[in-house]
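Contents: one structure, followed by commentary.
Treat the numbers as computed from the prediction; the structure is a model and nothing was measured. Every chain is numbered from 1 and lettered A, B, ... according to where its sequence line falls, protein lines coming before strand lines.
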There are 2 protein chains.
Amino acid sequence: MRISALAAAAGLPVATVKFYLREGLLHAGLASSATQASYDASHVRRLRLIRALTGTVGLSVQQARTILELIDDPGDDLYSTLGRAVSALPPAAADAGGEPGADPYPRARAALEALGQVYDPRFAAVAQLESSLEAAESAGLPLSDDRLLAYGNAIREIAAYDLERMPRSPREAVEYTVLGTALYEPVLLALRRLAHQDIASRRTRD
Amino acid sequence: MRISALAAAAGLPVATVKFYLREGLLHAGLASSATQASYDASHVRRLRLIRALTGTVGLSVQQARTILELIDDPGDDLYSTLGRAVSALPPAAADAGGEPGADPYPRARAALEALGQVYDPRFAAVAQLESSLEAAESAGLPLSDDRLLAYGNAIREIAAYDLERMPRSPREAVEYTVLGTALYEPVLLALRRLAHQDIASRRTRD
DNA sequence: AATATTGGAGAGTACAACTATCCAATCACA
DNA sequence: TGTGATTGGATAGTTGTACTCTCCAATATT
């Protein structure tokens with residue numbers, strides 16, 4: 001399969017495929033001569049993944065590259081690999097401001113304590129939680145403790161389900177977790193919006 | 001309060017405040033002369049909201065403007081107002097392809113039927129669900145029915161909580177729903193990631 | 001009176017994500 | 001075996017977004 005066939009299979013312009021090759025998101029084909037390389041199904045799959053990440057998930061090319069690199073060769077340490085993946089995903093976390101020595105993530109800490117969950121400021125999602133809570137607060141819609149508990153408990157069911165299905169082998173676990181985080185998040189958001197609609201329409205009808 | 005004080009209060013450069021004024025995200029101050037206008041607390045609040053939407057939530061200036069306009073004057077019809085707001089929020093939905101007459105959102109339809117929820121193709125979130133499911137599928141991680149049910153039921157608890165707290169007056173309801181959708185979504189995502197971490201660490205310790 | 005600041009408009013900048021153009025080396029077919 | 005099409009690779013150009021800078025005449029401030 002040459003580059004034009006690959007581009008056609010993925011539904012993309014050849015120029016865009018070349019761009020992804022140059023940017024290192026797509027692995028090179030097998031060169032058979034100076035002006036010929038052959039691509040296979042793995043390239044088609046990869047292009048689909050790239051478009052899913054940069055399109056629906058909304059990642060930048062740079063973020064997508066980070067995610068793809070982590071999947072391609074996850075480090076020895078599953079934990080730190082996942083940590084790096086989470087850092088590459090939105091919502092972006094503002095770096096912890098405030099005077100040095102102070103608690104960098106006071107809102108996130110309080111939230112996690114209220115939920116009875118571990119608080120480890122090194123984990124990227126803690127900074128993301130802090131930024132999100134701060135944004136909601138400064139926009140005039142602070143998250144009440146009550147709401148936090150409601151959200152936290154429901155979300156925990158989802159997370160528990162995710163973990164139950166996690167593959168045993170480390171390599172597969174990374175791919176499952178990283179892609180599952182990135183790809184299923186938009187689904188969750190859409191489901192919440194649709195549930196609002198469904199519940200509202202039921203109430204109206206009653 | 002003049003423009004430089006406003007900018008300082010919001011922690012932004014004056015040029016950026018001027019930019020938001022020009023772009024219509026921020027309402028003009030009360031002009032007292034040809035080169036003087038006074039701004040008040042409402043402007044500071046608005047700037048905070050703008051930064052929350054364009055920063056943490058990740059909206060473009062264009063999308064933020066749409067959301068802000070809907071909050072400023074919601075139409076008579078609560079439903080269509082919310083629909084327009086949802087359309088302005090990510091994840092972006094690809095427009096329904098396929099041959100005309102065919103079901104435009106087959107995955108979303110199947111999902112909603114499995115969940116026992118209403119399926120109305122006019123609602124923007126249906127297109128978003130379809131796009132998200134399609135992205136996950138083409139990236140090689142299709143959402144199983146089982147997972148869909150697990151997610152859908154947990155998310156429903158959250159949506160039910162949201163609706164219970166919805167203000168009675170239409171104007172407030174729009175603001176609550178639109179901002180609650182946009183601002184609390186990042187919180188939900190961060191909470192899921194943290195719950196993964198928490199549950200994983202509990203299992204390891206056991 | 002001297003200096004600084006303001007609102008407003010226009011131009012300029014920086015970056016991201018493509019997209020287009022070239023070119024010499026093959027290829028594919030007549 | 002010629003001849004037009006295609007390829008990989010490099011370089012340059014385009015488009016869009018979100019600011020940021022520069023001016024300027026009209027005020028404010030001191």
Side-chain angles (χ1 to χ4, degrees), chain A residues 1-40 43-44 46-68 88-90 92 94, chain B residues 1-40 43-44 46-68 88-90 92 94:
Chain A
M1 187 190 262
R2 288 155 297 166
I3 200 170
S4 60
L6 172 62
L12 292 173
V14 172
T16 303
V17 175
K18 286 183 173 186
F19 171 69
Y20 292 144
L21 281 167
R22 235 181 317 168
E23 292 294 314
L25 303 202
L26 180 65
H27 47 297
L30 184 64
S32 59
S33 84
T35 64
Q36 218 72 11
S38 64
Y39 303 89
D40 58 26
H43 294 89
V44 180
R46 184 61 163 243
L47 282 176
R48 280 207 255 266
L49 178 52
I50 293 168
R51 293 305 279 196
L53 292 177
T54 60
T56 309
V57 180
L59 300 189
S60 68
V61 165
Q62 166 58 42
Q63 291 170 322
R65 176 170 35 227
T66 302
I67 296 293
L68 292 169
L89 295 171
Chain B
M1 189 191 262
R2 287 155 296 166
I3 200 171
S4 59
L6 172 63
L12 292 173
V14 172
T16 303
V17 175
K18 287 183 174 185
F19 171 69
Y20 291 143
L21 281 168
R22 233 181 307 156
E23 291 295 314
L25 304 201
L26 180 65
H27 47 297
L30 184 65
S32 59
S33 83
T35 64
Q36 219 72 10
S38 64
Y39 303 90
D40 59 26
H43 294 88
V44 178
R46 184 61 163 241
L47 283 176
R48 279 207 255 266
L49 178 53
I50 293 168
R51 294 304 278 195
L53 293 176
T54 60
T56 308
V57 180
L59 300 189
S60 68
V61 165
Q62 166 58 42
Q63 291 170 322
R65 176 171 33 230
T66 302
I67 296 294
L68 292 169
L89 294 171

(message) Students often get this wrong, so: under 4.0 angstrom with heavy atoms, is A/Ser4 touching a base, only sugar-phosphate, or nothing?
(response)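 Contact class for A/Ser4: sugar-phosphate only.
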
(request) Have a look at B/Ala34 and say if it touches a base, only the backbone sugar-phosphate, or nothing, with a 4.0 Å heavy-atom cut-off. (result)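 Result for B/Ala34 = sugar-phosphate.
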
(message) What verdict does the side-chain hydrogen bond (donor to acceptor under 3.5 Å, both in side chains) test give for A/Tyr39 and A/Arg46, after you've listed the backbone C-alpha separation in whole Å, the side-chain angles of each residue and the deciding distance to 0.1 Å?
(response) CA-CA 11 Å; A/Tyr39 303 89; A/Arg46 184 61 163 243; over 6 Å; no

Please give, in whole Å, the distance from [N] [atom2] to [X] [atom1]?
| X | N | atom1 | atom2 | answer |
| --- | --- | --- | --- | --- |
| A/Gln62 | C/dA17 | CD | P | 9 Å |
| B/Leu12 | D/dC19 | CG | C1' | 11 Å |
| B/Leu25 | D/dA18 | CG | P | 10 Å |
| A/Glu23 | C/dT19 | CD | C1' | 13 Å |
| B/Leu26 | D/dA18 | CG | P | 16 Å |
| A/Gln36 | D/dA5 | CD | P | 16 Å |
| B/Arg65 | D/dA18 | CZ | C1' | 12 Å |
| B/Leu21 | D/dC19 | CG | P | 14 Å |

(request) Taking all heavy atoms of A/Ala9 and all of A/Met1, pick out the closest pair and write down the distance. (result)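 Taking A/Ala9 first and A/Met1 second, the nearest heavy atoms are CB-CE, 4.4 Å.
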
(message) Looking at every non-hydrogen atom in both residues, tell me the closest pair between B/Ile67 and B/Ala88 and how far apart they are.
(response)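 Answer, listing the atom of B/Ile67 first, then B/Ala88: CD1-CB, 4.0 Å.
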
(message) Go nucleotide by nucleotide along DNA chain C from the 5' end; which of A/Phe19 and B/Ala37 gets its closest nucleotide reached first?
(response)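 Nearest-nucleotide comparison on DNA chain C picks B/Ala37.
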
(message) If you assign A/Lys18 and A/Ser33 each to the DNA chain C nucleotide with the nearest heavy atom, which residue ends up on the more 5' nucleotide?
(response)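 Final value for this comparison: A/Lys18.
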
(request) With the side chain counted from C-beta on, respond yes when B/Leu6 and B/Leu26 share a heavy-atom pair under 4.5 Å apart, and no when they do not. (result)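 With C-beta onward as the side chain, the pair touches.
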
(message) Within the structure provided, determine whether A/Thr56 and B/Pro90 are in side-chain contact (heavy-atom separation under 4.5 Å).
(response)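 A side-chain contact under 4.5 Å is absent here.
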
(message) If you assign A/Met1 and B/Ser60 each to the DNA chain D nucleotide with the nearest heavy atom, which residue ends up on the more 5' nucleotide?
(response)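 It is A/Met1, whose closest nucleotide lies nearer the 5' terminus.
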
(request) Starting from the 5' end of DNA chain D, give me the residue, B/Leu59 or B/Ser32, whose nearest nucleotide shows up first. (result)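 Result: B/Leu59.
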
[X] vs [N]: side-chain N/O to OP1/OP2 distance below 4.0 Å:
| X | N | value |
| --- | --- | --- |
| B/Thr54 | D/dA18 | no |
| A/Tyr39 | D/dG8 | yes |
| A/Tyr20 | C/dC18 | yes |

(request) Return the nearest nucleotide to the side chain of B/Thr35; candidates are D/dC19, C/dC18, C/dG7. (result)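 Closest nucleotide to the B/Thr35 side chain: C/dG7.
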
(message) Let's test your reading of the model: under 3.5 Å, does the base of D/dT27 pair with the side chain of B/Arg2 as donor and acceptor?
(response)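 Per atom types, no contact qualifies.
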
